[in-house]
Amino acid sequence: MRIRIGLGYDIHPLEEDIPLIIGGCNIPSLKGAKGHSDADVLIHAIMDSLLGAMGKGDIGNFFPDTDPKYKGISSLILLSEVKKIMDREHFSIINIDSIIILEAPKISPFINEMKENISSVLKIEKEQIGIKATTSEKIGYIGKGEAIVAYATSLLKKI
(Lines give C-alpha, C1' and ligand atoms only; values in the text may rest on other atoms or scores of the structure.)
Protein backbone atom coordinates (compact mmCIF):
# COMPACT_ATOMS: atom_id res chain seq x y z
CA MET A 1 0.00 0.00 0.00
CA ARG A 2 1.41 3.40 -1.03
CA ILE A 3 0.64 6.36 1.27
CA ARG A 4 0.68 9.94 -0.06
CA ILE A 5 0.26 13.29 1.71
CA GLY A 6 -0.85 16.58 0.19
CA LEU A 7 -0.96 20.16 1.41
CA GLY A 8 -3.47 22.75 0.28
CA TYR A 9 -3.80 26.49 0.88
CA ASP A 10 -6.27 29.12 -0.24
CA ILE A 11 -6.91 32.79 0.46
CA HIS A 12 -9.67 35.14 -0.66
CA PRO A 13 -10.37 38.79 0.06
CA LEU A 14 -13.48 39.63 2.07
CA GLU A 15 -15.97 42.22 0.82
CA GLU A 16 -19.38 43.43 1.89
CA ASP A 17 -22.56 42.18 0.21
CA ILE A 18 -21.05 38.87 -0.93
CA PRO A 19 -22.12 35.50 0.54
CA LEU A 20 -19.65 33.77 2.83
CA ILE A 21 -19.50 30.11 1.82
CA ILE A 22 -17.25 27.83 3.86
CA GLY A 23 -17.34 24.05 3.57
CA GLY A 24 -20.45 24.34 1.44
CA CYS A 25 -22.29 26.26 4.20
CA ASN A 26 -23.71 29.73 3.74
CA ILE A 27 -22.45 31.50 6.88
CA PRO A 28 -24.37 34.61 8.03
CA SER A 29 -21.87 37.47 7.79
CA LEU A 30 -21.56 41.10 6.79
CA LYS A 31 -18.67 40.17 4.50
CA GLY A 32 -18.11 37.29 2.13
CA ALA A 33 -15.22 35.88 0.15
CA LYS A 34 -14.67 37.26 -3.32
CA GLY A 35 -13.61 34.87 -6.08
CA HIS A 36 -14.41 33.43 -9.49
CA SER A 37 -16.35 30.46 -8.09
CA ASP A 38 -18.17 30.63 -4.75
CA ALA A 39 -14.75 31.37 -3.15
CA ASP A 40 -15.04 28.54 -0.62
CA VAL A 41 -11.51 28.61 0.82
CA LEU A 42 -11.95 25.40 2.80
CA ILE A 43 -13.05 23.32 -0.17
CA HIS A 44 -10.35 24.90 -2.36
CA ALA A 45 -7.63 24.04 0.17
CA ILE A 46 -8.97 20.48 0.47
CA MET A 47 -9.05 20.05 -3.31
CA ASP A 48 -5.47 21.28 -3.61
CA SER A 49 -4.35 18.89 -0.86
CA LEU A 50 -6.05 15.94 -2.59
CA LEU A 51 -4.65 16.84 -6.01
CA GLY A 52 -1.21 17.40 -4.51
CA ALA A 53 -1.22 14.03 -2.79
CA MET A 54 -1.99 12.41 -6.14
CA GLY A 55 0.75 14.43 -7.87
CA LYS A 56 -1.81 16.15 -10.09
CA GLY A 57 -0.95 19.82 -9.50
CA ASP A 58 -3.56 22.26 -8.23
CA ILE A 59 -7.14 23.30 -8.83
CA GLY A 60 -6.09 25.96 -11.31
CA ASN A 61 -4.96 23.17 -13.66
CA PHE A 62 -8.43 21.64 -13.66
CA PHE A 63 -10.76 24.60 -12.95
CA PRO A 64 -9.07 27.80 -14.21
CA ASP A 65 -10.51 31.09 -13.00
CA THR A 66 -10.35 32.29 -16.61
CA ASP A 67 -13.03 29.79 -17.66
CA PRO A 68 -16.52 31.34 -17.55
CA LYS A 69 -18.16 27.94 -16.90
CA TYR A 70 -16.77 28.05 -13.34
CA LYS A 71 -18.08 31.56 -12.60
CA GLY A 72 -20.11 31.34 -9.37
CA ILE A 73 -20.02 27.53 -9.32
CA SER A 74 -20.38 25.68 -6.03
CA SER A 75 -17.01 24.38 -4.91
CA LEU A 76 -18.75 21.20 -3.78
CA ILE A 77 -19.37 20.46 -7.48
CA LEU A 78 -15.66 20.97 -8.15
CA LEU A 79 -14.82 18.72 -5.20
CA SER A 80 -16.97 15.98 -6.74
CA GLU A 81 -14.86 16.27 -9.90
CA VAL A 82 -11.70 15.83 -7.82
CA LYS A 83 -13.32 12.74 -6.27
CA LYS A 84 -13.79 11.33 -9.80
CA ILE A 85 -10.08 11.86 -10.48
CA MET A 86 -9.24 10.06 -7.22
CA ASP A 87 -11.47 7.14 -8.20
CA ARG A 88 -9.90 6.93 -11.69
CA GLU A 89 -6.41 7.03 -10.18
CA HIS A 90 -7.35 4.45 -7.50
CA PHE A 91 -6.77 6.61 -4.43
CA SER A 92 -8.79 6.52 -1.23
CA ILE A 93 -8.78 9.00 1.63
CA ILE A 94 -7.34 8.03 5.00
CA ASN A 95 -8.04 11.44 6.50
CA ILE A 96 -8.22 15.18 5.87
CA ASP A 97 -7.25 17.84 8.38
CA SER A 98 -7.84 21.55 7.92
CA ILE A 99 -7.82 24.94 9.57
CA ILE A 100 -9.73 28.08 8.65
CA ILE A 101 -8.33 31.44 9.72
CA LEU A 102 -10.95 34.18 9.93
CA GLU A 103 -11.45 37.01 12.40
CA ALA A 104 -15.26 37.05 12.20
CA PRO A 105 -17.84 35.59 12.26
CA LYS A 106 -17.39 32.60 14.55
CA ILE A 107 -17.81 29.49 12.43
CA SER A 108 -17.58 26.71 15.00
CA PRO A 109 -21.40 26.26 15.01
CA PHE A 110 -21.18 25.27 11.33
CA ILE A 111 -18.30 22.77 11.48
CA ASN A 112 -20.50 19.69 11.77
CA GLU A 113 -22.52 20.76 8.71
CA MET A 114 -19.27 21.38 6.81
CA LYS A 115 -18.10 17.86 7.66
CA GLU A 116 -21.44 16.46 6.48
CA ASN A 117 -21.15 18.30 3.15
CA ILE A 118 -17.57 17.20 2.54
CA SER A 119 -18.06 13.59 3.69
CA SER A 120 -21.12 13.28 1.47
CA VAL A 121 -19.25 14.43 -1.65
CA LEU A 122 -16.10 12.42 -0.92
CA LYS A 123 -18.01 9.36 0.33
CA ILE A 124 -16.03 9.11 3.57
CA GLU A 125 -16.98 9.18 7.25
CA LYS A 126 -17.23 12.53 9.04
CA GLU A 127 -14.66 11.23 11.52
CA GLN A 128 -12.09 11.19 8.71
CA ILE A 129 -12.34 14.98 8.44
CA GLY A 130 -10.82 17.47 10.84
CA ILE A 131 -11.89 21.11 10.63
CA LYS A 132 -10.56 23.70 13.03
CA ALA A 133 -11.14 27.44 13.13
CA THR A 134 -9.03 30.20 14.59
CA THR A 135 -8.44 33.93 14.32
CA SER A 136 -5.23 35.84 13.72
CA GLU A 137 -5.74 37.81 16.95
CA LYS A 138 -6.46 41.02 14.99
CA ILE A 139 -3.00 40.88 13.36
CA GLY A 140 -2.46 41.54 9.65
CA TYR A 141 -4.92 41.49 6.79
CA ILE A 142 -6.87 38.56 8.26
CA GLY A 143 -7.09 40.26 11.66
CA LYS A 144 -8.38 43.42 10.01
CA GLY A 145 -11.19 41.45 8.39
CA GLU A 146 -9.79 41.83 4.89
CA ALA A 147 -9.24 38.14 4.07
CA ILE A 148 -9.97 34.52 4.89
CA VAL A 149 -7.40 31.71 4.69
CA ALA A 150 -7.60 27.92 4.85
CA TYR A 151 -4.97 25.19 4.99
CA ALA A 152 -5.64 21.49 4.50
CA THR A 153 -3.65 18.27 4.51
CA SER A 154 -4.84 15.00 3.06
CA LEU A 155 -3.50 11.53 3.60
CA LEU A 156 -4.31 9.15 0.76
CA LYS A 157 -3.56 5.56 -0.02
CA LYS A 158 -3.22 4.01 -3.46
CA ILE A 159 -5.58 1.06 -3.76
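These numbers come from a predicted model, not from an experiment.
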Colleague: Going by distance alone, is a donor N or O of one side chain under 3.5 Å from an acceptor N or O of the other, for H44 and S37?
Modeller: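 Looking only at side-chain atoms, S37 and H44 do form a donor-acceptor pair, the distance falling under 3.5 Å.
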
Colleague: Start with the C-alpha distance between E103 and S136, add both sets of side-chain angles, then the distance that settles side chain to side chain contact (heavy atoms under 4.5 Å, CB included), and finish with yes or no.
Modeller: CA-CA 6 Å; E103 205 63 34; S136 67; 3.4 Å; yes

Colleague: Nearest 0.5 Å please: distance from the CD1 atom of I124 over to the CD1 atom of I93.
Modeller: 4.0 Å

Colleague: Mark yes or no for whether E116, through its side chain, and K126, through its backbone, hold a donor-acceptor pair below 3.5 Å.
Modeller: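 Not at all, since once roles are kept as given, no pair shorter than 3.5 Å links the two residues.
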
Colleague: In plain terms, say whether D17 and K31 are close enough for a salt bridge, that is, a side-chain N and a carboxylate O under 4.0 Å apart.
Modeller: no

Colleague: Before giving the answer on side chain to side chain contact (heavy atoms under 4.5 Å, CB included), spell out for K157 and R2 the whole-Å C-alpha distance, their side-chain angles and the decisive distance to 0.1 Å.
Modeller: CA-CA 6 Å; K157 65 181 173 182; R2 193 168 44 155; over 6 Å; no

Colleague: Which pair of heavy atoms, one from I18 and one from A33, lies closest together, and at what distance?
Modeller: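 Residues I18 and A33, closest heavy atoms: CG2-O, 3.3 Å.
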
Colleague: Which pair of non-hydrogen atoms, one from K106 and one from T135, has the smallest distance, and what is that distance?
Modeller: NZ-CG2, 3.9 Å

Colleague: Answer yes or no: is there a donor N or O on one side and an acceptor on the other, between the side chain of E16 and the main chain of L30, under 3.5 Å?
Modeller: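 No: the side chain of E16 does not pair with the backbone of L30.
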
Colleague: Do the side chains of I85 and E81 get nearer than 4.5 Å, heavy atoms only?
Modeller: no

Colleague: Got a salt bridge between E15 and K34, using NZ or NE/NH1/NH2 to carboxylate O under 4.0 Å?
Modeller: yes

Colleague: Do V121 and I77 land in one hydrophobic cluster if side-chain heavy atoms of ILVMFWY residues count as linked below 4.5 Å?
Modeller: yes

Colleague: Do L78 and Y70 pass the side chain to side chain contact (heavy atoms under 4.5 Å, CB included) test, and can you show the C-alpha distance, the side-chain angles, and the key distance before you say yes or no?
Modeller: CA-CA 9 Å; L78 303 179; Y70 301 121; 3.8 Å; yes

Colleague: Mark yes or no for whether S29, through its side chain, and G32, through its backbone, hold a donor-acceptor pair below 3.5 Å.
Modeller: no

Colleague: Measure the SG-CE distance between C25 and M114 for me, rounded to the nearest 0.5 Å.
Modeller: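 With rounding to 0.5 Å, SG (C25) is 5.0 Å from CE (M114).
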
Colleague: Quick check: is I43 connected to I101 through a chain of hydrophobic side chains (ILVMFWY, heavy atoms under 4.5 Å apart)?
Modeller: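 Per the 4.5 Å side-chain linkage, I101 and I43 are not co-clustered.
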
Colleague: Testing R4, K83, K56 for salt bridge (Lys or Arg N to Asp or Glu O under 4.0 Å) with E89, which one passes?
Modeller: K56

Colleague: Might you confirm whether atom NZ of K132 has over 12 heavy atoms from other residues, nucleotides or ligands at distances under 6.0 Å?
Modeller: yes

Colleague: Do I22 and I100 come close enough that some side-chain heavy atom pair is under 4.5 Å?
Modeller: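 The answer is yes; the side chains approach within 4.5 Å.
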
Colleague: Looking at A53 and G6, what are the two nearest heavy atoms and their distance?
Modeller: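 Of all heavy-atom pairs spanning A53 and G6, the closest is CB-N, 3.6 Å.
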
Colleague: I'd like to know if the side chain of D40 and the backbone of G23 have a donor-acceptor N/O pair within less than 3.5 Å.
Modeller: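 Yes; judged by distance alone, with no hydrogens or angles, the pair exists.
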
Colleague: Report yes or no: does H36 contribute a side-chain atom to a donor-acceptor pair with the main-chain N or O of F63 at less than 3.5 Å?
Modeller: no

Colleague: Starting at CG of D67, measure out to CD1 of I73 and round the result to the nearest 0.5 Å.
Modeller: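 Taking CG in D67 and CD1 in I73, the distance rounds to 9.5 Å.
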
Colleague: So, E127 and K115, do they make that salt bridge, N to O below 4.0 Å?
Modeller: no

Colleague: Looking at every non-hydrogen atom in both residues, tell me the closest pair between I27 and F110 and how far apart they are.
Modeller: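 Heavy atoms only, the tightest pair is CD1-CG, 3.4 Å.
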
Colleague: Would you say the side-chain atoms of T153 pair up with the backbone N or O of G8, donor to acceptor, closer than 3.5 Å?
Modeller: no

Colleague: Group every Ile, Leu, Val, Met, Phe, Trp and Tyr by side-chain heavy-atom contacts under 4.5 Å, then state whether I96 and M54 land in the same group.
Modeller: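 Yes; tracing contacts between hydrophobic side chains, which count when under 4.5 Å, links both residues.
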
Colleague: For the OG atom of S154 and the CG atom of L156, what is their distance to the nearest 0.5 Å?
Modeller: 6.0 Å

Colleague: Are any side-chain N or O atoms of Q128 and backbone N or O atoms of I94, one a donor and one an acceptor, separated by less than 3.5 Å?
Modeller: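 Yes, the answer is positive, given that a donor and an acceptor are paired below the 3.5 Å cut-off.
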
Colleague: Between the side chain of D48 and the main-chain N/O of I59, is any donor-acceptor distance below 3.5 Å?
Modeller: yes

Colleague: Of the non-hydrogen atoms in L51 and D58, which two are nearest, and what is the gap between them?
Modeller: CD1-C, 3.7 Å

Colleague: Work out which heavy atom in P105 is nearest to a heavy atom in P28; give both atom names and the distance.
Modeller: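 Result for this residue pair: CG-O, 3.6 Å.
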
Colleague: Among pairs that include at least one residue of residues 133-159, which meet ring-ring contact (aromatic ring centres under 6.0 Å, His included), considering only residues two or more places apart or in two chains?
Modeller: Y9-Y151

Colleague: Counting N and O atoms only, with roles assigned by atom type, does the side chain of D38 sit under 3.5 Å from a partner on the main chain of S75, one being a donor and the other an acceptor?
Modeller: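 Looks like yes, one N/O pair under 3.5 Å.
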
Colleague: Rounded to the nearest 0.5 Å, how far apart are CG of L102 and CD1 of I148?
Modeller: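 With rounding to 0.5 Å, CG (L102) is 4.5 Å from CD1 (I148).
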
Colleague: Are L155 and I131 linked, directly or through other ILVMFWY residues, by side chains that come within less than 4.5 angstrom of each other?
Modeller: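 Each belongs to a different hydrophobic cluster.
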
Colleague: Atom CG of L122 and atom CG of L50: how far apart are they, to the nearest 0.5 Å?
Modeller: 6.0 Å

Colleague: Are the side chains of V149 and I142 in contact, using a 4.5 Å heavy-atom criterion?
Modeller: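 They are in side-chain contact.
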
Colleague: Do I46 and I107 sit in one hydrophobic cluster, given that two such residues count as connected whenever their side-chain heavy atoms are within less than 4.5 Å of each other, even indirectly?
Modeller: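 Both belong to a single hydrophobic cluster.
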
